[in-house]
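Chain A is the first sequence line, chain B the second, and so forth, proteins listed ahead of strands; every chain is numbered from 1.
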Protein chains: 2
Amino acid sequence: MVKAAIEMDKASMLLKLLGDKTRLSMVKILEKHECCVCEFVEIFRMSQPSISQHLRKLRDVGLVKEERKGQWIFYSVNKGNEYYPFIEQILMLVPDLDDKLKKLEEQGTRISCC
Amino acid sequence: MVKAAIEMDKASMLLKLLGDKTRLSMVKILEKHECCVCEFVEIFRMSQPSISQHLRKLRDVGLVKEERKGQWIFYSVNKGNEYYPFIEQILMLVPDLDDKLKKLEEQGTRISCC
DNA sequence: TTATCATATAACTATACACTTATATAAGTG
DNA sequence: CACTTATATAAGTGTATAGTTATATGATAA
């Protein structure tokens, strides 16, 4: 067992949380980039409330944090969170999604709202 | 990204599968020990159908395999499965449950049925 | 053969979950 | 100020999920 180890309860809770393609992708992106809600709406082509609700689940366990900048709210991974070492290990096993952001930039929609 | 990497679809599907405390514990135990259904019934103090259904989900994606020995069916992790490298990395982050089996042995129930 | 043990499966139930629509809040903009 | 933009939240809906009880299957034992 590695230094990122945690109890079974916590581990299964976190795996379930990341066991959703949208949330897993969000966290993978947020690990490297700050994003606001409207960008995720673009990336995942999903309704704004749906995106907000996923972000809330991530925020409720402290995995992501939000920062308001004017009318936008930027999300990022909370690397100080007690579970981050665990999450970090899992994210290493998952493909990069930088191309998704790059695509937004090319479309000019990366900062459509931000 | 590490050699255990897989696509997002697969990753989230597997994380969801392990995002259940019972299944996560099962796989962690089966990684090191063959077990039969009745042992899991003891360990998790859960009904036999419930245990069987969890094992079926794991078997359906090929994570565990079964081998009949007389009237018992022994399960073990299928280390040849394409997803095993991914699973292995996750299991490294999770505490050992050897004490649970040890407890069964002490009670004499480890091989109550097997 | 009948009985028993180990396991699987089917049918049902209650809860959790992801998503939708509608509405609220909060910050800019004209 | 009213209007728009960005986001959150509430309420409702359909489906997935984990568990239950009941039954089926398959092997061994009497």
Side-chain angles (χ1 to χ4, degrees), chain A residues 8-9 12-27 30 34-76 104 108-114, chain B residues 8-9 12-27 30 34-76 104 108-114:
Chain A
M8 277 293 171
D9 284 1
S12 55
M13 179 271 287
L14 294 170
L15 293 174
K16 181 189 275 182
L17 194 66
L18 297 185
D20 174 279
K21 196 186 172 187
T22 303
R23 284 194 296 269
L24 181 60
S25 304
M26 281 175 161
V27 177
L30 291 176
E34 280 202 327
C35 284
C36 62
V37 175
C38 57
E39 288 177 306
F40 283 132
V41 170
E42 265 296 313
I43 291 173
F44 299 116
R45 306 207 157 279
M46 203 172 270
S47 75
Q48 174 268 313
S50 188
I51 296 292
S52 278
Q53 284 157 13
H54 282 301
L55 285 168
R56 185 141 118 84
K57 293 203 172 188
L58 295 172
R59 204 193 49 197
D60 281 352
V61 308
L63 248 48
V64 306
K65 57 188 177 189
E66 56 178 71
E67 187 190 354
R68 181 174 278 276
K69 292 182 184 172
Q71 66 189 306
W72 303 284
I73 297 177
F74 283 80
Y75 283 87
S76 58
L104 283 198
T109 43
R110 168 83 216 262
I111 38 159
S112 68
C113 67
C114 315
Chain B
M8 277 292 173
D9 283 2
S12 55
M13 177 272 285
L14 293 170
L15 293 174
K16 181 189 273 182
L17 194 66
L18 297 185
D20 174 278
K21 198 187 171 188
T22 304
R23 284 193 297 268
L24 181 60
S25 303
M26 280 175 161
V27 177
L30 291 177
E34 281 200 327
C35 283
C36 61
V37 174
C38 58
E39 287 176 306
F40 283 132
V41 170
E42 265 297 312
I43 291 173
F44 299 115
R45 307 210 154 277
M46 203 173 269
S47 75
Q48 174 267 314
S50 188
I51 296 293
S52 278
Q53 283 156 15
H54 281 302
L55 285 168
R56 186 140 118 85
K57 294 200 169 187
L58 295 172
R59 204 193 49 197
D60 280 350
V61 308
L63 248 49
V64 306
K65 58 188 176 184
E66 55 177 72
E67 187 189 353
R68 181 175 277 276
K69 293 181 184 172
Q71 67 189 307
W72 303 284
I73 297 176
F74 283 79
Y75 283 85
S76 57
L104 283 199
T109 44
R110 166 84 217 261
I111 37 159
S112 68
C113 65
C114 316

query: In B/S/- notation, 5' to 3', how is nucleotides 13-22 of chain C contacted by protein heavy atoms closer than 4.0 Å?
result: ----SSBBBB
- request: Find out whether A:Arg59 and A:Tyr75 are in side-chain contact, i.e. whether some heavy atom of one side chain is under 4.5 Å from a heavy atom of the other.
  value: yes
query: How far apart are the closest heavy atoms of A:Val37 and A:Ser52, and which atoms are they?
result: CG1-OG, 4.2 Å
message: My understanding is that a pair needs two contacts under 3.5 Å, Watson-Crick or G-U wobble. By that rule, which nucleotide pairs with C:dG30?
response: D:dC1
Nucleotide nearest B:Gln71 (side chain, heavy atoms from C-beta), chosen from D:dT7, C:dC5, C:dT7: C:dC5
field: Gap between atoms CZ and P, on B:Arg68 and C:dT7 respectively (whole Å)
entry: 8 Å
- request: In whole angstrom, give the distance that lies between atom CD of B:Glu67 and atom C1' of C:dT7.
  value: 16 Å
Between C1' of D:dA16 and CE of B:Met13, the distance in whole Å: 16 Å
- prompt: Of all the choices, C:dA27, D:dT7, C:dT7, which nucleotide is nearest to the side chain of B:Ile73 once you look at every atom?
  reply: C:dT7
Side chain B:Glu39, main chain B:Cys36, donor-acceptor under 3.5 Å: yes
B:Leu55 CG - C:dT7 P separation (whole Å): 10 Å
field: Atom-pair distance (CZ on A:Phe74; C1' on C:dA27), nearest Å
entry: 14 Å
- prompt: For C:dA6, does either OP1 or OP2 sit under 4.0 Å from a side-chain N or O belonging to B:Tyr75?
  reply: no
message: So, taking the atom named CG in A:Leu30 and the one named OG in A:Ser25, what distance separates them when rounded to the nearest 0.5 Å?
response: 10.5 Å
message: Rounded to whole Å, please give me the gap between CG in B:Asp60 and C1' in C:dT9.
response: 12 Å
- prompt: Which whole-number value in Å describes the distance from B:Leu17 CG to D:dA16 P?
  reply: 16 Å
task: With side chain to side chain contact (heavy atoms under 4.5 Å, CB included) as the test, would you mind laying out the steps for A:Thr22 and A:Met26 before giving the verdict?
output: CA-CA 6 Å; A:Thr22 303; A:Met26 281 175 161; 4.2 Å; yes
Contact summary for A:Val41 and A:Gln48, nearest pair of heavy atoms: CG2-CA, 3.7 Å
message: Rounded to whole Å, how long is the line connecting atom CD of B:Glu34 with atom P of C:dT7?
response: 13 Å
query: Does OP1 or OP2 of C:dT9 have a side-chain N or O of B:Arg56 closer than 4.0 Å?
result: yes
task: Report the distance from atom NZ of B:Lys57 to atom CG of B:Leu17, rounding to the nearest 0.5 Å.
output: 8.0 Å
